[in-house]
Amino acid sequence: MLLAPGAVGNEKQYVGFATLPNQVHRKSVKKGFDFTLMVAGESGMGKSTLVNSLFLTDLYKDRKLLNSEERINQTVEIIKHTVDIEEKGVKLKLTIVDTPGFGDAVNNNECWKPITDYIDQQFEQYFRDESGLNRKNIQDNRVHCCLYFIPPFGHGLRPVDVEFMKALHEKVNVVPLIAKADCLTPNEIKKLKDRVREEIERFGIKVYQFPECDSDEDEEFKQLDKELKECCPLAVIGSNTVVETRGQRVRGRLYPWGIVEVENQSHCDFVKLRNMLIRSHMHDLKDVTCDVHYENYRAQCIQDMTSKLTQDNRMESPIPILPLSTPDVETDRLIKMKDEELARMQEMLNKMQQQIHDGKDQ
Amino acid sequence: MCCVGFAPNITFCIQEMKLISSFFSLSFRLVLPNKSIFYPPGMSESIIPPEVRPKPAVPAKPPHVAAPSPTAPHGPSGLGGGVGVDRVPGLGHSGGGSTLLGYIGIDTIIEQMRKKTMKAGFDFNIMIVGHSGLGKSTLVNTLFKSQVSRWSSGWGGEHKIPKTVEIKAVSHVIEEGGVKMKLTVIDTPGFGDQINNENCWDPISKYINEQYEKFLKEEVNIARKKRIPDTRVHCCLYFISPTGHSLRQLDIEFMKHLSRVVNIIPVIAKSDTMTPDEKNEFKHRVRKELETYGIEYYPQNEFDDDMEDKNENDKIREAMPFAVVGSDKEYQVNGKRVLGRKTAWGVVEVENPNHCEFALLRDFLIRSHLQDLKEVTHNIHYETYRARRLNDNGGLHPISVNNTQESNL
């Protein structure tokens, strides 16, 4: 507690700004939160089931599964579902961005382009809004997190997985997941995770990194954080059907040889994913999106604009010109020097040629 | 008893059987029980096929009998009980042309052939196609209860995805009940793994046609080998990814292009990822889609010989594609050691019909239709190829005088 100046020695004066967090809390609760989650992966990976399980809703009630005839000419689409969820007075406007058709065709060249275009569009829209006159009610549609579903059937990342993640890792927080993990034994899951982790590093894919714990966090939190980091990529199973096991009713999948419980930590990492996504890192995901990805986009955008402007001899632009990043003076000078040198050498060469020519004539 | 089950099939392996079969109109779906087959000559009752005829009232004559006795032929079934000729016991035998007035012993030819093929052994070539990681090698190892896939032949542990589809054939000789089988497993790594998978079935199609061409060349040779080595692909197991939704584009394209060239048996891989309801729905959808696209998978409708075949095959077609799980590890379940996969919530038993349809696939592929697969390949697919080649060549043999003629595929 800070002593206000002029306070009498023993009397601790209470200023009261320790209540700031509460005030922020109250205001944000009133305002509500929003979160945009993108799910990407081939069809049949259990994306919709997982989303329904995570948020305990049924976002895909009216979905019609296409049969293969209809899917021949299908291109990758972007479909948004929005739902408002409220829990203990806190409102969340959740937007799920779905990408049906990804990776399903015979030729999947650049099938991630519609997705990167969509993400860029959202950034652009936000950029314009931010630079506009009336900034009161900016709608934030930027994608905060992208869950990428890796099939459990392979031996690691496939070429299409690598290309997709590389195209997106600098635009959005990519969280890789191993889908349908109930078809793998614990040993196989471990091997697959190790392989995927190693390949992610080898290909230089920058997946979302959990922030380092502050040293003053309690031990339990640190322990959880460490476990989470080691479990990446998370192996998940989704289900919204309730089954009865050991006297309890739980969400799970009923097989002839046993029951898979979605919320059992020894069966799959669903609980870890939910905790990470919703309970501990939702705000961090939003922060990283705003501070890193969006800023990258913005800087790139502005640089493109200003370089275009210098080419067009400084046209008038509605957007105020921000100070250019100062061109490297030193390099310019060097380049000039080299140019002059080259010009001199060329001259000498010409002279020599002329001399030889003259010499021949004589 | 660990038994794969291909031993009884050797009885039907020889070309000559075709002639004999038309003579006696034997049914080739007879599966002889796996009993000891050595018996002293003359005792024809020792072979007891399922449809056993009542024993002849007259005692069995020695094989070299020449003069028939006047009373014998019109009793019930003058022939030995082993042949199954269509005669109604008790009625006078009329017409038919197979009136024999005593026991000759023609039925022992089955036994002679059996002995011959036991010595010669036979070969079977199976191709496995599907995305990497669908459990193809494991399934083949489980099917033949031996380490026959290429991963077990000393390949390194690295599962690198090749840039184009490769064709890798590995042969093993496995033996059961005195019968030797040269099994060749043809693997196709790289299928469907790239970003752009257009025409990734071309190398496979080319390989199959090359094998037909090789056989054709041998057949057409002046000095032919006694037994032409058969490298033709008898069966292609196509692995469908268990997405639970429907067939993928690539699946349909592949099967459309290859179902007329080779016997395709679609299987649903890693089916322990689906609950029983999901499995049934998925199978139903896959069957409907195969029908929509006109993809004839083995056993093909058009090649059913008679009603009996048709009924049996209809039942199998209704149950296809088989949803399988493969494993080469054993676990203890209820006091028994079973092949399976152990997870945190239970053990998936590979041979338990409630868990998956592996047992059905194995019985179908090996115990009942192994020989038929070879016959369809030889009589239909190969003949189609041959006819096309001859047609292209104007009715002449493609390699008639000039042995160095290039084959144009």
Side-chain angles (χ1 to χ4, degrees), chain A residues 42-46 49 65-72 74 103-111 151-164 179-189 192 195 237 239 241 243 245 252-261 264 266-268, chain B residues 130-135 158-161 163 192-200 239 241-254 269-278 282 285-286 288-289 292-293 325 327 329 333 340-349 352 354-356:
Chain A
E42 291 178 351
S43 71
M45 287 289 113
T49 315
L65 285 174
L66 298 178
N67 65 21
S68 12
E69 200 165 353
E70 289 162 353
R71 280 207 263 143
I72 285 183
Q74 189 193 32
D104 284 340
V106 177
N107 183 354
N108 289 316
N109 264 335
E110 307 249 310
C111 61
F153 311 129
H155 293 288
L157 292 178
R158 300 165 304 158
V160 69
D161 299 333
V162 174
E163 291 301 312
F164 176 85
K180 291 200 170 176
D182 54 351
C183 79
L184 297 171
T185 63
N187 221 5
E188 290 168 353
I189 290 184
L192 184 61
R195 257 236 44 174
I237 302 170
S239 168
T241 49
V243 294
T245 173
R253 288 170 66 73
L254 176 62
Y255 288 112
W257 48 87
I259 297 181
V260 181
E261 295 166 47
N264 185 333
S266 60
H267 287 189
C268 73
Chain B
H131 295 246
S132 78
L134 280 180
E158 271 293 300
H159 290 251
K160 281 215 158 57
I161 296 181
K163 289 280 175 227
D193 287 331
Q194 300 306 315
I195 297 182
N196 182 356
N197 290 313
E198 268 169 3
N199 297 325
C200 65
F239 285 70
S241 189
T243 56
H245 289 193
S246 57
L247 283 179
R248 310 183 59 185
Q249 268 258 54
L250 182 60
D251 301 339
I252 294 174
E253 289 295 313
F254 176 85
K270 296 207 167 174
S271 67
D272 55 345
T273 200
M274 294 189 284
T275 61
D277 289 333
E278 292 168 353
F282 185 53
R285 254 193 296 247
V286 168
K288 272 208 18 215
E289 289 195 334
T292 315
Y293 284 97
V325 174
S327 167
K329 296 201 178 59
V333 172
R341 289 169 61 72
K342 191 176 167 80
T343 55
W345 44 89
V347 177
V348 186
E349 294 168 46
N352 184 336
N354 291 332
H355 289 191
C356 76

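Protein chains get the first letters and strands the later ones, always in sequence-line order, with residue 1 at the start of each.
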Minimum-distance pair of heavy atoms, taken over all atoms of [X] and [Y]:
X: B:R248; Y: A:D104; result: NH2-CA, 4.3 Å
X: B:P276; Y: A:L254; result: CD-O, 3.9 Å
X: B:H245; Y: A:G44; result: CE1-N, 3.6 Å
X: A:N109; Y: B:N196; result: ND2-ND2, 3.7 Å

**Message:** At a heavy-atom distance under 4.5 Å, which candidate from A:F153, A:W257, A:Y255 has the highest pair count against chain B?
**Reply:**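 Sorted descending by pairs with chain B, the first entry is A:W257.
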For each of [options], tally heavy-atom pairs with chain A at distances under 4.5 Å, and name the one with the top tally.
options: B:V325, B:N197, B:D277, B:N199; result: B:N197
options: B:N354, B:D251, B:V347, B:N352; result: B:V347
options: B:K288, B:R341, B:E278; result: B:R341
options: B:L134, B:L250, B:T275; result: B:T275

**Prompt:** Looking at side-chain heavy atoms only, is the closest gap between B:W345 and A:H267 below 4.5 Å?
**Reply:**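 Heavy-atom side-chain distance check passes, below 4.5 Å.
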**Asked** Would you say A:R253's side chain and B:T273's backbone share a donor-acceptor pair under 3.5 angstrom?
**Response**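 Looks like yes, one N/O pair under 3.5 Å.
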**Request:** Please confirm whether the backbone N or O of B:T243 pairs with a side-chain atom of A:K180, one donor and one acceptor, at under 3.5 Å?
**Result:**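 Yes, because the side chain of A:K180 sits within donor-acceptor range (under 3.5 Å) of the backbone of B:T243.
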**Message:** If I measure from the heavy atoms of chain A, does B:V348 come under 4.5 Å with its side chain, its backbone, both, or neither?
**Reply:**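 For B:V348, the contact with chain A is made by backbone and side chain together.
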**Asked** With only heavy atoms counted, which part of B:H131 is less than 4.5 Å from chain A, the side chain, the backbone, both or neither?
**Response**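 The answer is neither part of B:H131.
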**Prompt:** Looking at A:D182, A:I189, A:L184, A:T185, which hits side chain to side chain contact (heavy atoms under 4.5 Å, CB included) with B:T343?
**Reply:**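 The option that passes is A:T185.
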**Prompt:** Checking A:E188 against chain B: side chain, backbone, both or neither under 4.5 Å from a heavy atom?
**Reply:**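 Side chain only.
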**Asked** Considering only heavy atoms, which portion of A:P152 lies under 4.5 Å from any heavy atom of chain B: side chain, backbone, both, or neither?
**Response**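 For A:P152, the backbone is the part near chain B, not the side chain.
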**Item:** Rounded distance (nearest 0.5 Å) linking atom CG of A:N187 with atom NZ of B:K329
**Value:**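 So the CG of A:N187 and the NZ of B:K329 are separated by 7.5 Å.
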